[in-house]
Amino acid sequence: MIDKYNPAKIESAAQKYWDDRQSFAVSEDTDREKYYCLSMLPYPSGKLHMGHVRNYTIGDVISRYQRMLGKNVLQPMGWDAFGLPAENAAIAHRTPPAKWTTANIDYMRTQLKRLGFGYDWNRELSTCSPEYYRWEQWFFNRLLEKNLAYKKMAVVNWDPVEQTVLANEQVENGRGWRSGAIVERREVSQWFIRITEYAEELLNEIDHLEGWPDAVRTMQRNWIGRSEGVEFSFRVEGEEPLEVYTTRPDTIMGITFISVAAEHPLALKAAGNNPDVAAFVESCKNVHATEKEMETMEKKGIPLGITGIHPVSGEEIGIWVANFVLMEYGTGAIMAVPAHDQRDWEFATKHGIEIRPVIRPADGSQHDFSQSALTAKEGITCNSGVFDGLGCAAACEAVAEYLETHGAGRKTINYRLRDWGVSRQRYWGCPIPVVYDDAGKVFAVPDGELPVRLPEDVEFSGVQSPIRNDPEFYRTTLPSGDRPAIRETDTFDTFFESSWYYARYCCPGSDHAMLDERANYWLPVDQYVGGIEHAVLHLLYARFFHKLMRDAGLVDSDEPFTNLLCQGMVLKDGSKMSKSKNNTVDPQSMIDKYGADTVRLFMMFASPPEQPLEWNDDAVAGSFRFLKRWWALVHRNSEAMATARQLSSDQDLAAADCADREARELRRTTHRILEKVVRDYQRIHYNTVVAGAMELLNSLDRFDPGKNRDCLSAFRESMVILNKILAPIAPHIAHRLWHVMGEAGDVLDADWPQVDRQALQSDTLKWVIQVNGRLRSEIELAADCSEQEIRAMAVADRRIRNFIKDAEVRKIIIVPAKLVNIVI
RNA sequence: GCCGGGGUGGCGGAAUUGGUAGACGCGCCAGACUCAAAAUCUGGUUGGGGCAACUCAGUGUCGGUUCGAGUCCGACCCUCGGUACCA
C-alpha cells in the first residue's frame, strides 16, 4: 500500500527541514556569481490575497531556478508597514496602528512560510521599526545639507468638517470620503525633494533599462514629460513682464490672445478690482473635476482688461484668465494661437476672438479654419513677416534666435515632472526629523539624536493625527538646547520607505550606517517582480533614491533594478478579484484544501507570468491530480529506482548509448522536453514548463522500467530530470520525492540538468509533405537519406501522386529535417 | 485623443528565425472498475461533409508579400490597461 499524498504533512516537514538547516540564509561570497531576486514587499493589510501569492511564487521560482544554476541567490522579504489603512483600522477597532500592524505582519508571515518561499528571514525588515526609519531620517539630513530637500507652500485637499488633509484617494467626486463635505484646496507649507534635478538622468537612463517592459519605460518617459520650447515674455504696462512657455514658437505671429491660470498673480490682482473676474477665479478654485468631467469641460474664460505687447510685432494682445490653463505647468500663462492649437481654437470660437493662420499645409492643400485648428507641425509659415516661407522646425529656430537676440526670451526645456512632495499630515508614518524655533526657522535634528521616534502607544479617537495634539511629542528644544522648539508633526510619504528597502536588505543589522559595503556585493537587484500599478511612482522614486544614494557614496551602481517583471492580475469570472465585486478566493482556504504546491503549480501553469490569470477551481483540482499522479509514480517505482542506482553510476547514465529502442525513445522524449523547458525557464514562461513536466510524466507513466538495464537507467535519468524541473515550482513534494527516489543531497541544491544532444538524434525522421503549401501527407525516412532520395520518396507517395496527378512539378522545397513542399 | 498589451476550439492557453495550427490542462462524450456513486484508469474531443479511406473550411475583418502567413507588410474593427486641457 502506497502512502497517500498528504500535502499538509510533507509540506510542513520540508519547511521544518529547510528551517533547521537555514537553507535560505545567504552571505556574500565573491567566488560565486550572485543573484538578487526581489519581490515587492507587501503592505500588511491583514492576510495574503491571490495577487501576493502569484507575485511571490514567480519570485520564488526564479530564485530556486537560479540557485540550481549554481548562483549565490538572495531572496529577502519585509513589510511596507506605514500607511493609511492602519489609521482607519485604528479608528474602526480602537486599536493603536502599531498593534494592528504587528498582528497583521505576524499572521501574514506564517502564511508566507506556509507557502514555502525560500526567503532569508534573517534579513526581514519592517519599515515602521525605528531601526529602519532612523536611517531614512539620517538620509533626509544629507538631503537637507545638499539643498535637495526644501520647504514650500503647496496645495492640499482639505476636509473642512474633519479639519484634516486628505490623500487624493480619499477624495471621491470632490467630496471627503468619510464626511461627504466638499473638499477645499488649501495652501500648506510642505517638504519637497528635488527630483527635478535628476529629471534628465532619470529620463536618459530609461533607454538603458533593457530588462524592463516597454510599457513601464514608456509610462516613465511620459511621466517625466520632457519638452523643448521657448520661454519669452510680453511687456505689460505697470506690471512685471508676463512670462509664457511654448513648444510652438513657429506660430508666434498667430497669437491673438493670452491666457493665464486662475491662480496666476495677474488674475488674482485683476480679481481685486473686478468682481466678475473675482467670481470667475473663485469658481475655478472649487472645481475638483474628475477625469471624465475634465474631458468634456467647457473652455471658459473672462478678459482681465489688460494687454501685453507682442515681442515681435509690438501689437497689443488681450489677456484673459481661462480655466484650462494650469498654474502647475510651465509659467502658468500661455500665448494663444487659435489657428494652430485646438484648445485655443475652441476658446476663440466661443469668445469671438480672431483666428489668424500663420502655417499653411506643405502639400498646397487648403485647411478650413472655421472647422478646426491646423495643429500638425508640418507646414510652411505664412503671414509671419520676416519668418515667412520656413518649415516649422526652421521657423522654431528662427523665432527662438530672434527672441534671444532681442532679449525677450530663450530656449528652455520643460518637464511635466514636479518635485516630490513628501509631507503627509498623518500620524502613521516616519516623522520628518526637523524642529522649528518660534520664528518658524528650520533646524535639522542632529544625527546623534536620531531616530525621532513615533509614539506608538496612542489614543486614536478622532481623525486628527494624535501627535499634533501631543505636547510630549511636539514640545522640544533647539539642537543648541537653549531655546524651546516645536517638532515637525508631518510624516513622510510612505513611498519614502519603499524607495530604498531593497538596499537595506543587503545590510541586515547594520546599526552604525544606513548601508555598508555588503550593499555593493548584492546590488543592483537582478530581478525585480511586482505589479504594474507601481510602473511610475514607486519605480521612479526608487530609481531616484538610488541615484541620491550613489551621489552620497552609499552605492556604486546607477540603477537599482536590472530586470523588471510585472505580473498580470488574478481574475475570477473575467474581472479582477476584489472585495467590492465579491469574487475573491482566499488563498488560505486553497492551501488548506490542496496544499501550497498545488496552489503554486496552478498559478504557474494557468497563464504566463505577465498575462492575467483566470482563477478556475476545476483547473486547481487538475493541478492537484497531477501531483498525486507524480507521487504515485515515484512510490510505485521506488524499488526500481533503488536497483537502478545500484546498477549505474552517474557516468554510465551520461554515456548511455542505449541499445534498447524503447529506452532510446524515452531518452529522446526526455531531452526534447528538457531542451524546451530550459528555454522556457530562461524566458520566464512557466506555464509551458509545467506543460513539459506533464508531458514527461505521461511518458514515464506508460514506460516499463523493468524490461532491461537500459530501460532502468533511462527511466531513472528521466525521473531525476522530472524532479529537477519541478523543484522550483512545487518544492515540497520535489524535496520529499527526491529522498524517496534515494537521490543524494537536496534537490534544492542539485545541479541543473544538461540536455544530451546525442539523445536527441534519431535513426529515422518524419517528413511532412506539402503540395502548394498545404499538408497532404507524411513519410518516415532514414535519417541519412540524401536530398534526392527524399525528393523521390515524397513525389512517389500515394496520396501525393493523387494530388499531383498530371500537373507539372515546378519546384520542390526542402526544409531540413522537417518538410517537403511540392509546387505544382 | 495619445501610449502600451491582447483578439487562436466550449474554457485557460501552446506554436525558435515565416515551415505539420490547437501542445498541456480544464470541461464534455464514451468505455473499464463498482450493487451504485465518487475517486481512479483507457480512448475520443476545431467546425462542416462522408460508413470509411478521405475531403473542404479554419487563428478579429479586408487586402498584400511568399513555394508556404497565427507569425511579415498596409488599412480597419473589437477589447483590456495606462494617461492627458502639459501649452
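Letters go in sequence order (proteins before strands), and every chain restarts at 1.
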Note to self: Please verify the inter-ring angle class for A/Phe347 with A/Trp320; under 30° counts as parallel, over 60° as perpendicular, anything in between as tilted.
What the structure shows: perpendicular
Notebook entry, point to check: Which comes earlier along RNA chain B counting from the 5' end, the contact point of A/Asn821 or that of A/Glu675, where each point is its nearest nucleotide?
Noted result: A/Glu675
Next item on the list: If a protein heavy atom is under 4.0 Å from the base, mark B; if only from the sugar-phosphate, S; if neither, -; do that for nucleotides 39-58 of chain B going 5' to 3'.
Entry: -SS------------SSSS-
Next item on the list: Look at the aromatic rings of A/Phe369 and A/His340 and report parallel, tilted or perpendicular, splitting at 30° and 60°.
Entry: perpendicular
Note to self: Taking atom types as they are modelled, would you say the side chain of A/Asp618 forms a donor-acceptor pair with the base of B/C26 within the 3.5 Å cutoff?
What the structure shows: no
Margin query: From the set B/A87, B/G13, B/G19, return the single nucleotide nearest to any side-chain atom of A/Val815.
Written below: B/G19
Check: Is there a donor-acceptor contact under 3.5 Å from the side chain of A/Thr598 to the main chain of A/Gly595?
Finding: no
Check: Of the nucleotides B/U16, B/C26, B/A87, which has the atom closest to the A/Ile334 side chain?
Finding: B/A87
Next item on the list: Describe the nucleic acid contact of A/Glu610 in one word from base, sugar-phosphate, nothing, applying a heavy-atom distance below 4.0 Å.
Entry: nothing
Next item on the list: Using the C1' atoms only, state how far B/U17 lies from B/G1, rounded to an integer number of Å.
Entry: 37 Å
Check: Please walk me through it: do A/Arg668 and A/Glu665 pass salt bridge (Lys or Arg N to Asp or Glu O under 4.0 Å)?
Finding: CA-CA 5 Å; A/Arg668 195 178 310 128; A/Glu665 192 72 34; 3.2 Å; yes
Check: Reckon A/Asp214 touches a base, only the sugar-phosphate, or nothing at all at heavy-atom distances under 4.0 Å?
Finding: nothing
Check: Between B/U20 atom P and A/Glu780 atom CD, what is the distance in whole Å?
Finding: 17 Å
Next item on the list: Would you kindly give the NZ-to-P distance between A/Lys818 and B/U16, to the nearest whole Å?
Entry: 10 Å
Checklist line | Toward the 5' end of RNA chain B, by each residue's nearest nucleotide, A/Ser623 or A/His685 | finding: A/His685
Check: If you round to the nearest 0.5 Å, how far is CD of A/Gln761 from NE2 of A/His671?
Finding: 12.5 Å
Next item on the list: Would you mind classifying the nucleic acid contact of A/Gly330 as base, sugar-phosphate or nothing, using non-hydrogen atoms under 4.0 angstrom?
Entry: nothing
Next item on the list: Could you tell me the separation between the CG atom of A/Asn687 and the CD1 atom of A/Ile684, rounded to the nearest 0.5 Å?
Entry: 12.0 Å
Margin query: B/A87, OP1 or OP2 - any side-chain N/O from A/Asn414 closer than 4.0 Å?
Written below: no
Check: In Watson-Crick or G-U wobble terms, both distances under 3.5 Å, what is the partner of B/G4?
Finding: B/C80
Checklist line | From B/A84, B/G4, B/C85, nucleotide with atom closest to A/Ala215 side chain | finding: B/G4
Next item on the list: Consider the side chain of A/Tyr329, meaning its heavy atoms from C-beta on, and name the nucleotide among B/C86, B/U20, B/A14 that approaches it most closely.
Entry: B/C86
Check: Which nucleotide, B/U20, B/C24, B/G12, lies nearest any side-chain atom of A/Met694?
Finding: B/C24
Notebook entry, point to check: From the list B/A14, B/G12, B/U20, which nucleotide is the closest neighbour of the side chain of A/Ala606?
Noted result: B/G12
Margin query: Tell me whether A/Lys411 is salt-bridged to A/Glu397, with the criterion being a basic N under 4.0 Å from an acidic carboxylate O.
Written below: yes
Notebook entry, point to check: Using purine N1 to pyrimidine N3 plus N6-O4 or O6-N4 for Watson-Crick, or N1-O2 and O6-N3 for G-U wobble, both under 3.5 Å, which nucleotide pairs with B/A21?
Noted result: none
Check: CD of A/Gln220 versus C1' of B/G82: gap in Å, rounded?
Finding: 13 Å
Note to self: Give me the distance, rounded to whole Å, that separates B/G58 from B/G49 when you measure between the C1' atoms they each carry.
What the structure shows: 15 Å
Note to self: By nearest atom, which of the nucleotides B/C3, B/G13, B/C26 is closest to the A/Asn222 side chain?
What the structure shows: B/C3
Notebook entry, point to check: Does B/G70 adopt a syn or an anti glycosidic conformation, taking syn as a chi angle within 90° of 0?
Noted result: anti
Check: Under the salt bridge (Lys or Arg N to Asp or Glu O under 4.0 Å) criterion, do A/Lys299 and A/Glu346 qualify, and how do the steps go?
Finding: CA-CA 7 Å; A/Lys299 306 265 176 298; A/Glu346 284 170 29; 3.6 Å; yes
Next item on the list: Rounded off to whole Å, could you give me the CG-to-C1' distance for the A/Asn772 and B/U66 pair?
Entry: 12 Å
Notebook entry, point to check: Does the distance from a Lys or Arg side-chain N to an Asp or Glu carboxylate O, for A/Glu787 and A/Arg791, drop under 4.0 Å?
Noted result: yes
Note to self: What's A/Val216 touching, base or sugar-phosphate or nothing? Going by heavy atoms closer than 4.0 Å.
What the structure shows: nothing
Next item on the list: Assess whether ring-ring contact (aromatic ring centres under 6.0 Å, His included) is satisfied between A/Phe626 and A/Phe605, documenting all intermediate values.
Entry: CA-CA 12 Å; A/Phe626 168 74; A/Phe605 179 51; 8.3 Å; no
Notebook entry, point to check: Which is it for A/Phe387 and A/Tyr402 under the ring-ring contact (aromatic ring centres under 6.0 Å, His included) test, yes or no, and what are the steps along the way?
Noted result: CA-CA 10 Å; A/Phe387 305 117; A/Tyr402 179 97; 5.7 Å; yes
Notebook entry, point to check: Roughly how far apart, to the nearest Å, are B/U71 and B/G6 at atom P?
Noted result: 14 Å
Next item on the list: Rounded off to whole Å, could you give me the CH2-to-P distance for the A/Trp767 and B/G19 pair?
Entry: 16 Å
Next item on the list: Between B/G25 and B/G74, how far apart are the C1' atoms? Round to whole Å, please.
Entry: 38 Å
Margin query: If you only use heavy atoms from C-beta on, which nucleotide in B/C3, B/C24, B/A87 is closest to the side chain of A/Thr218?
Written below: B/C3
Note to self: Of the options B/C67, B/G19, B/C26, whose atoms approach the side-chain atoms of A/Lys811 most closely?
What the structure shows: B/C67
Check: What's the CG-P distance between A/Leu326 and B/A87, to the nearest Å?
Finding: 10 Å
Margin query: Considering every strand and a 4.0 Å limit on heavy-atom distances, what is the contact class for A/Val823: base, sugar-phosphate, or nothing?
Written below: sugar-phosphate
Check: Rounding to a whole Å, what distance do you find between A/Met569:CE and B/G81:P?
Finding: 6 Å
Notebook entry, point to check: What's the CG-C1' distance between A/Leu601 and B/G25, to the nearest Å?
Noted result: 10 Å
Note to self: Assess whether a salt bridge exists between A/Arg221 and A/Asp207, defined as any Lys/Arg side-chain N lying under 4.0 Å from an Asp/Glu carboxylate O.
What the structure shows: yes
Margin query: Strictly by Watson-Crick or wobble contacts shorter than 3.5 Å, is anything paired with B/U42, and which nucleotide is it?
Written below: B/A30
Item checked: Among B/C24, B/C86, B/G82, the nucleotide that comes nearest once only the side chain of A/Phe605 is considered -> B/C24
Notebook entry, point to check: Who is the Watson-Crick or G-U wobble partner of B/G70, with both distances under 3.5 Å?
Noted result: none
Next item on the list: Give a yes/no on whether any side-chain N or O of A/Asn698 is located under 4.0 angstrom from OP1 or OP2 of B/G25.
Entry: yes
Check: A/Ala691 near the nucleic acid: base, sugar-phosphate alone, or nothing, with a heavy-atom cut-off under 4.0 Å?
Finding: base
Checklist line | For B/A87, the Watson-Crick or wobble counterpart (both distances under 3.5 Å) | finding: none
Margin query: For A/Phe234 and A/Phe232, take the angle between the two ring planes, folded into 0 to 90°, and tell me which bin it lands in: parallel under 30, tilted 30 to 60, perpendicular over 60.
Written below: tilted
Next item on the list: Under 4.0 Å from any atom of RNA chain B, heavy atoms only: list the residues of residues 241-250 of chain A that qualify, in numerical order.
Entry: A/Tyr245, A/Thr246, A/Thr247
Next item on the list: Look at A/Arg683 and B/A15 and indicate whether a side-chain polar atom (N or O) is within less than 4.0 Å of OP1 or OP2.
Entry: yes
Next item on the list: Tell me what A/Pro612 touches on the nucleic acid: a base, only sugar-phosphate, or nothing, going by heavy atoms under 4.0 Å.
Entry: sugar-phosphate
Notebook entry, point to check: For A/Lys377, does the NZ atom sit with more than 12 other heavy atoms under 6.0 Å from it, leaving out its own atoms?
Noted result: yes
